[in-house]
Amino acid sequence: MSLASTNLAIDPARLWDTIMDTARIGATAKGGIKRLTLTDLDAEVRRWFIAACEAVGCTITIDDMGTIFARRSGRDNSLPPIAIGSHLDTQPTGGKYDGIIGVLSGLELLRTLRDAGYETTHPIEVINWTNEEGSRFAPAMLASGVFAGVFTKEWAYARADRDGLTFGNELTRIGFVGPEPVGQHPLAAHFEVHIEQGPILEAQDTVIGVVTGVQGMRWYEVTVTGTDSHAGSTPMTLRRDALLATARMIEAVNTIALAHAPLAVGTVGLIEARPNSRNVIPGETFFTVEFRHPDDALLAVMEAALYTAFDRISVASDVEHVVTCIWNSPAVHFDEDCIKAVRSAAVHAGLSHRDIVSGAGHDSAYIAAVAPTSMIFVPCLKGISHNELESAEPAHVAAGAQVLLQAVLAMDALLTERLGA
Ligand code: HGY
Ligand code: MN
Ligand code: MN
């Protein structure tokens with residue numbers, strides 16, 4: 001993998017200032033960001049992103065899932081672009097870095113090329129994928145999933161948040177239903193910089209994660225039905241307590257994940273009890289379950305164990321339940337050329353690095369199905385993410401962007417070489 005113009009370097013201070021500046025959009029008192037997808041705050045950061053990319057000479061395309069493509073021309077604009085993608089939406093208690101450093105490292109790459117007057121052969125595009133987080137509208141990676149043909153646009157538009165608002169109506173409300181049919185947008189390659197969101201790089205004092213793939217993920221929605229009744233006058237033996245049954249099911253999720261440790265993880269992240277009144281035995285609950293593991297076959301084993309355990313608990317608790325798998329994202333292995341481009345760039349920059357599989361989901365997991373893809377991880381403090389305390393070192397963020405720059409230039413050179421072959 002030959003490295004193209006290797007003296008090009010990003011501007012660490014400019015990148016850091018841009019990250020801190022945009023963090024004010026949705027800033028929380030604890031130092032994080034709450035910028036849920038398709039809210040007015042998401043719309044505000046989208047408009048900021050478009051203006052910033054137009055200021056470096058990009059043209060903007062928006063598809064009908066709201067994904068924004070900021071394009072810098074190359075020598076041969078008939079070629080599909082080399083893309084840098086990630087997301088600007090956050091979790092409700094999100095941090096300043098998850099997704100954001102990926103998009104803003106792409107902007108810094110554009111600024112660096114503009115300052116140097118450097119022209120790539122391929123066009124370069126920086127992409128803001130809509131609804132990566134899946135917190136408001138499940139599942140995660142929704143727009144990149146539609147782009148890759150995993151979900152239909154109609155199914156995505158009908159996804160509703162817990163207040164019953166739909167993705168399609170909210171996308172229309174914020175004015176980001178773009179003219180380009182989703183998926184009609186070939187990419188020559190896709191790179192994504194992201195914080196690891198786990199403890200490995202920091203624990204091993206390693207600056208760059210050469211991401212070789214993403215583990216498998218499955219999301220479930222569960223409704224448990226018992227009987228609302230008086231907390232004071234209903235004997236313990238006559239109760240059909242949906243929340244008690246749910247507590248037993250949550251314990252079962254944890255037990256199943258631990259049975260396949262250390263690679264398996266299982267989480268119940270969202271729970272609603274109804275009528276949610278302190279002196280009424282809960283007659284109904286809604287909750288979510290997710291399992292993740294690098295091996296899809298083991299995910300299937302965990303899923304079977306879940307169904308068996310929930311059936312047993314329902315009978316024992318005299319309640320009914322319905323469990324639906326709403327999302328199954330298989331394990332993904334990234335493209336070897338893209339992986340090599342990232343690794344060579346880390347070596348060239350003299351940065352400590354190691355191969356790593358992503359525990360978190362990313363848009364790259366879906367884009368890998370339609371374009372050569374890989375990712376670049378940088379450490380975050382104690383591996384904490386999806387938390388307002390999420391934190392990263394300026395030097396590490398700069399290192400990720402520098403590796404991104406060199407990986408993109410190396411890929412441009414490699415693909416151009418092959419064109420001439
Ligand atoms: O859930 C995930 O792994 C990602 O952060 N959306
Ligand atoms: Mn992310
Ligand atoms: Mn996230």
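Whatever order the structure lists them in is the order used to number ligands and atoms, beginning at 1. Fair warning: this is a prediction, and the values are worked out from it, not measured in the lab. Worth knowing before you read on, the calculation uses all heavy atoms, side chains too, and leaves out hydrogens, waters and symmetry mates.
- A salt bridge links Glu170 and Arg136; the closest N-O separation between the charged side-chain nitrogens and carboxylate oxygens is under 4.0 Å.
- The single protein non-hydrogen atom nearest to atom 6 (N) of ligand 1 is Glu132 OE2, 3.1 Å, given as residue, atom name and distance.
- A donor-acceptor distance shorter than 3.5 angstrom exists from the side chain of Thr90 to the backbone of Ile33, with no hydrogens or angles considered.
- The aromatic rings of Phe137 and Phe167 stand perpendicular to each other, their planes meeting at an angle above 60°, with 30° marking the opposite boundary.
- Both the sub-6.0 Å distance and the 45° axial angle are satisfied by Lys153 relative to the ring of Tyr157.
- Ion pairing of Arg46 with Asp40 is absent here, as no side-chain N (NZ or NE/NH1/NH2) approaches a carboxylate O to less than 4.0 Å.
- Taking the six-membered ring where tryptophan is involved, the planes of Trp129 and His190 are tilted, since the angle between them lies from 30° to 60°.
- Using a 4.0 Å cut-off between heavy atoms, His386 contacts ligand 1 through its side chain alone, with no backbone atom that close.
- Near Ala360, meaning under 4.0 Å from any of its heavy atoms, are these atoms of ligand 1: 3 (O).
- The atom of His386 that is an N, O or S and sits closest to the Mn ion (ligand 3) is NE2.
- Taking any N or O of Gln197, backbone or side chain, none lies under 3.5 Å from an N or O belonging to ligand 1.
- No side-chain heavy atom of Thr67 sits less than 4.5 Å from a side-chain heavy atom of Asn128.
- The nearest protein atom to atom 1 (O) of ligand 1, hydrogens excluded, is given as Arg292 NH2, 2.8 Å; this is a heavy-atom distance.
- Within a radius of less than 2.8 Å around the Mn ion (ligand 2), the protein N, O or S atoms are His87 NE2, Asp98 OD1, His194 NE2.
- Residue Met217 places no N or O, backbone or side chain, under 3.5 Å from any N or O of ligand 1.
- In this structure, the ring of His194 has its center less than 6.0 angstrom from the ring center of His362.
- In terms of modelled atom types and a separation under 3.5 Å, the side chain of Thr130 and the main chain of Met65 share a donor-acceptor contact.
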